[in-house]
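Here is the structure we will look at, set down as structure tokens.
Proteins get letters first, then strands, A, B, ... in listed order; numbering begins at 1 in each.
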Amino acid sequence: MEPTKTIFLSDEDIELLINDMAVTYGYDFSDYSKASFKRRIERLLMIDHLSSFAELRYRILHDESYFQHVVEEISVTVTEMLRDPGFYRILRDTVVPLLATYPFIKVWHAGCATGEEVYSMAILLQEAGLLHKTLLYATDMNPAALAKARSGIFPLSQMQQYSKNYVASGGTRDFSSYYTASYHLAQFDPALSEKMIFATHNLVTDFSFNSFQLILCRNVLIYFNKKLQDRVLSLFDESLEANGFLALGTKESIRFSSVAPKYKQIAGKEKLWKKVK
Amino acid sequence: MTYPASLVAIGGSAGSLQVILTLLDTINAGFSIPVLLVLHRDPQGESRLEELLSFRSHLVVKEVEDKDIVERGHLYLCPADYHVLIEDDGSFSLDYSEKEHFSRPSIDLAFRAAADVYKEKLVGILLSGANADGAAGLRYIKERKGTTVVQQPADALVRYMPDQALQQSSADFILTGAELTHFLQRLYYVSP
């Protein structure tokens, strides 16, 4: 096999690009984790078959629609339903029963990408008989990903894995009862998405817009540096009610953040915190 | 001859674990250069790898969490189903983006990110495996003046990965699993 021809970028290239995007379009990527941002851009050069960094820079500066495409490609939309079943089991057994005590439940999925985790949450809430009194806010900076999320249509090829995750997370029904298969697609039950509100929201620049009892932001902070992680965690803190819950990805942490002292991890190694102060 | 290193990055897939365990058993207690282990793992299995390695090693074994700082005397294990990258300040960044060579963690990605930070102070070692991942990463390390080591293909349980690496670039050292311990003991730590 021919080795893939990849264009590798220097730190200076990355700085130039970040500066261009900030000056021209007001998007600030300067506090993204540099190593993964670099990977996104190198990947973009490859998938768009660009011949040089200069070509990429020129297109970004002179073509706003291309820039939008770049933003969509920078945002990582890889996700799955009920990823880390152990996490969902704790959510189901420990957090959902506490949410049940509220007359009205508000959940925020921040950086929801194509929405698989929002549907996962909706399934948990429906099984607990709580979905009717819940609103699930699902936000992302990537409008194309949000459109997919809104559609509730996911690749049928994934369902076997999701079904396994579902069983491992403590699900007892037939997972296939939640979707209708047609050709290679699975259309999820519209009853699940009835309580979902999708909106664009950029964690770098946008502010708190509501208060919630549960905020989930899994595998989003890993793409940010510590400074931006701290900003986002403060934003979550402002948006979380007293005794509310914060959920992050299995390898993420609040320990570097200024809000850390206000939170107590609720279950062993799973990344779920309760706001105690 | 001795060699300076700030980090040793070891990539491996099928057939590499035995080499690593032997390495941990035989390396002397004075060895304190940080090691990053990029192994292809089953993302579904509840892995006991961290425990297994801890038991065998005098190094502190830690599965990488986002923004952990690289420290001496530590052996870092890439978590299943995440890419592991390194930032200029010597902290790890995790990444859950597309697989490379059907792999997450990808050895290529980890090697490249480490080479960007450590350049000539990086030692990259590629072991047994049935996948081409790691070959391009090793070449990238070499282009940035790092030191590269490939397990001797005839010594590897699965020689495809070492063969691929040697096809893409010449390695500084081609060693058997048994020789690797001696090689590591000739490294000395330098700050990045």
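Only the side chain of B:Tyr140 comes within less than 4.5 Å of a heavy atom of chain A; its backbone N, CA, C and O stay farther away. Residue B:Val64 touches chain A through its backbone alone, counting heavy-atom pairs closer than 4.5 Å. If you measure heavy-atom distances from A:Val78 to chain B, the contacts under 4.5 Å come from both the backbone and the side chain. Using a 4.5 Å cut-off between heavy atoms, A:Phe8 touches chain B through its side chain atoms alone. Only the side chain of A:Ser253 comes within less than 4.5 Å of a heavy atom of chain B; its backbone N, CA, C and O stay farther away.
Note: A:Thr250 leads A:Asp11, A:Thr250, A:Thr77 in heavy-atom pairs under 4.5 Å with chain B.
The minimum heavy-atom distance between B:Lys67 and A:Asn225, with the atom names listed, is CE-CA, 3.9 Å. B:Leu109 approaches A:Arg39 most closely through the heavy-atom pair CD1-NE, 3.1 Å.
Within the 4.5 Å cutoff, the side chain of B:Arg112 has no heavy atoms near those of the A:Lys38 side chain. Considering only heavy atoms from C-beta on, A:Lys251 stays 4.5 Å or farther from B:Tyr96 through its side chain.
B:Glu63 and A:Lys269 are not joined by a salt bridge, as no carboxylate oxygen comes within less than 4.0 angstrom of a charged side-chain nitrogen. Ion pairing between a basic and an acidic side chain is recognised when a charged N comes within 4.0 Å of a carboxylate O; B:Asp116 and A:Lys34 show no such pairing. At a threshold of 4.0 Å, the pair A:Lys226-B:Glu87 does not count as salt-bridged, since none of the basic side-chain nitrogens sits closer than that to a carboxylate oxygen. In summary, A:Arg255 and B:Asp68 engage in a salt bridge, as defined by a charged side-chain N under 4.0 Å from a carboxylate O.
Rounded to the nearest 0.5 Å, atoms NE2 (B:His83) and OG (A:Ser36) are 10.5 Å apart. To the nearest 0.5 Å, the span separating CG on B:Asp66 from NZ on A:Lys271 amounts to 9.0 Å. A distance of 11.5 Å separates CZ of A:Phe224 from OG of B:Ser93, quoted to the nearest 0.5 Å. How far CG of B:Leu85 is from CZ of A:Phe37: 13.5 Å, rounded to the nearest 0.5 Å.
Enclosure of atom CZ in B:Phe55 is not indicated, since only 12 or fewer non-hydrogen atoms of other residues, nucleotides or ligands lie within 6.0 angstrom.
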